[in-house]
Amino acid sequence: MASINVFLKLFIVLLALSLANAQGLKVGFYKKTCPQAEAIVLNEMKRVISLAPTLAAPLLRMHFHDCFVRGCDGSILLNSKNRTAEKDGIPNLSLRGYGVIDGIKTKLEKACPGIVSCSDILALVARDAVQLMNGPTWSVPTGRRDGRVSIAFETLIELPPPFGANITQLKNMFAKKGLSVKDLVVLSGAHTIGTSHCSSFSQRLYNFTGKGDADPSLDKHYAARLKLKCKPNDFTTLAELDPGSFKSFDGGYYKLVAKRRGLFSSDEALLHDGETKAYVARQVAGALKEFFKDFANSMVRMGNIEVLTGKQGEIRKQCGFVN
Ligand code: HEM
Ligand SMILES: *[C@@H]1O[C@H](CO)[C@@H](O)[C@H](O)[C@H]1NC(C)=O
Ligand SMILES: *[C@@H]1O[C@H](CO)[C@@H](O)[C@H](O)[C@H]1NC(C)=O
Ligand SMILES: *[C@@H]1O[C@H](CO)[C@@H](O)[C@H](O)[C@H]1NC(C)=O
Ligand SMILES: CC(=O)N[C@H]1CO[C@H](CO)[C@@H](O)[C@@H]1O
């Protein structure tokens with residue numbers, strides 16, 4: 001009797017463990033079902049980034065935008081159909097690289113039809129984009145499934161704005177996604193690569209409080225330089241986030257922020273909290289190893305936001321359309 005009881009308990013424990021596993025993501029999820037999946041993504045990313053290195057940044061940003069709206073479920077990739085989708089929401093005005101995702105999906109569908117989700121592709125692409133810009137790399141837990149809903153106005157509610165949110169509000173927006181203050185300062189470090197449209201920060205140059213004034217917290221010399229590049233109401237010109245090294249994933253972002261040269265108010269806000277300010281200071285002192293390790297950890301945490309797993313959602317056949 002006693003031994004049956006032990007077996008029963010063991011069985012229940014094992015069952016519980018396997019259920020817990022089915023509900024979470026795991027590294028190497030496609031090992032049996034599509035062993036070449038991660039290599040296919042990396043090879044395609046190597047090809048694309050060697051031809052167009054400036055695509056690395058928007059592809060990293062795409063995973064962030066996906067995860068903050070309805071969780072990392074690939075909803076950012078859906079085309080507007082019955083209603084305006086996230087893709088056509090205002091914060092995505094500036095996203096690029098959808099074609100890269102479609103190209104990778106086509107290759108994966110050829111190799112293993114119906115197996116690899118679009119949301120996992122975004123997570124793997126973000127990792128590879130960072131690595132190919134000489135940043136850190138990490139193991140990406142996979143097993144996400146794709147959502148069926150995408151709504152433009154949700155981007156305005158869920159995504160932190162570059163202007164008009166103070167550090168408390170930014171912290172709250174991250175907390176709502178299960179992310180910490182540390183995740184906020186670490187993930188903001190992604191602004192070491194890429195560019196921004198002038199329109200995303202020009203209020204700081206020309207109309208900070210609505211009276212035609214400049215943001216006093218922006219370094220004066222830097223503001224003068226930005227004004228040469230960005231005239232009022234310019235919606236097309238791009239400015240580098242980390243000038244001179246916008247194609248290299250390094251700790252340059254924190255040096256800029258410390259010098260009051262962060263491009264967005266959300267970057268500047270990191271100087272208004274003890275923990276985030278201390279982190280910026282450590283990076284200025286050269287703690288690059290710490291940043292790389294932290295960035296990898298925070299990306300995994302971001303990649304866990306409200307994921308669909310198991311039997312939830314679907315594996316989309318085409319990333320722009322629900323099946
Ligand atoms: C703290 C909240 C954040 C705000 C307010 C913010 C805001 C912005 C804005 C306004 C742009 C410029 C878009 C444009 O005008 O073209 C931008 C660019 C970028 N963001 Fe963020 N961001 C935040 C966090 C993040 C996170 C968490 C990541 C990734 C982990 C990220 C990665 C990027 C990258 C790589 C670019 C450059 C994109 C390109 O070159 O096209 N950002 N961000
Ligand atoms: C379109 O509408 C249908 C029916 O209301 C819904 O099931 C589907 O999720 C919607 N698609 C998108 C992309 O929102
Ligand atoms: C941040 O903004 C909110 C809403 O405008 C305000 O209530 C709060 O006092 C501000 N916090 C800080 C630290 O400025
Ligand atoms: C500055 O902002 C105010 C208030 O938002 C607006 O009425 C005004 O038109 C803006 N001026 C310029 C030059 O954009
Ligand atoms: C509103 C808007 O310009 N949306 C754009 C979002 O991104 C896609 C893909 O680049 C564009 O086709 C949309 O026009």
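Just so you know, ligand 1 is whichever comes first in the structure, and atom 1 is the first atom listed for that ligand. Predicted, not measured: the structure shown is a model, and the values here were computed from it.
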At a 4.0 Å threshold, what atoms of ligand 1 neighbour a non-hydrogen atom of [X]?
{"X": "G194", "value": "37 (C), 40 (O)"}
{"X": "P162", "value": "5 (C), 10 (C)"}
{"X": "S266", "value": "4 (C), 5 (C)"}
{"X": "S196", "value": "12 (C), 14 (C), 15 (O), 16 (O)"}
{"X": "L184", "value": "1 (C)"}
{"X": "P161", "value": "5 (C)"}

* Asked: What part of S200, side chain from CB on, backbone N/CA/C/O, both or neither, has a heavy atom under 4.0 Å from ligand 1?
  ->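 Side chain only; the backbone of S200 stays clear of ligand 1.
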* Contact partition for F264 relative to ligand 1, non-hydrogen atoms under 4.0 Å -> side chain
* Could you list all the side-chain hydrogen bond (donor to acceptor under 3.5 Å, both in side chains) pairs where at least one residue sits in residues 286-295, not counting sequence neighbours? =>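 Passing the test, one end in residues 286-295: K182-D294, Y279-D294, R282-E290.
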Nearest-option assignment for [atom], heavy atoms, candidates [options]:
{"atom": "atom 37 (C) of ligand 1", "options": "T195, V185, L238", "answer": "T195"}
{"atom": "atom 30 (C) of ligand 1", "options": "S188, A129, A190", "answer": "A190"}
{"atom": "atom 6 (C) of ligand 1", "options": "R61, H191, H63, K247", "answer": "H191"}
{"atom": "atom 16 (O) of ligand 1", "options": "H197, M299, M62", "answer": "H197"}

Side-chain ion pair, [X] and [Y], N-O less than 4.0 Å:
{"X": "K176", "Y": "E158", "value": "yes"}
{"X": "K317", "Y": "E109", "value": "no"}
{"X": "K171", "Y": "E275", "value": "no"}
{"X": "E314", "Y": "R148", "value": "yes"}

* Asked: Counting distance only, does the side-chain N/O of Y30 pair as donor-acceptor with the main-chain N or O of T142 below 3.5 Å?
  -> no
* Results of side-chain hydrogen bond (donor to acceptor under 3.5 Å, both in side chains) for S139 - residues two or more places apart only -> none
Going by distance alone, is a donor N or O of one side chain under 3.5 Å from an acceptor N or O of the other, for [X] and [Y]?
{"X": "S245", "Y": "D250", "result": "yes"}
{"X": "S248", "Y": "N134", "result": "no"}
{"X": "Y253", "Y": "D267", "result": "yes"}
{"X": "E86", "Y": "S75", "result": "yes"}

* With L288 via side chain to side chain contact (heavy atoms under 4.5 Å, CB included) - residues at least two apart -> F291, F292
* Asked: Which part of H272 is near ligand 3, with near meaning a heavy atom under 4.0 Å away: side chain, backbone, both or neither?
  -> neither
Kindly print each ligand 4 N/O atom paired with any protein N/O atom under 3.5 angstrom away, one pair per line, or none if nothing qualifies.
unit_1: ligand 4; atom_1: 2 (O); unit_2: N207; atom_2: OD1; d: 3.4
unit_1: ligand 4; atom_1: 2 (O); unit_2: N207; atom_2: ND2; d: 2.4
unit_1: ligand 4; atom_1: 11 (N); unit_2: N207; atom_2: ND2; d: 2.7
unit_1: ligand 4; atom_1: 14 (O); unit_2: N207; atom_2: ND2; d: 3.3

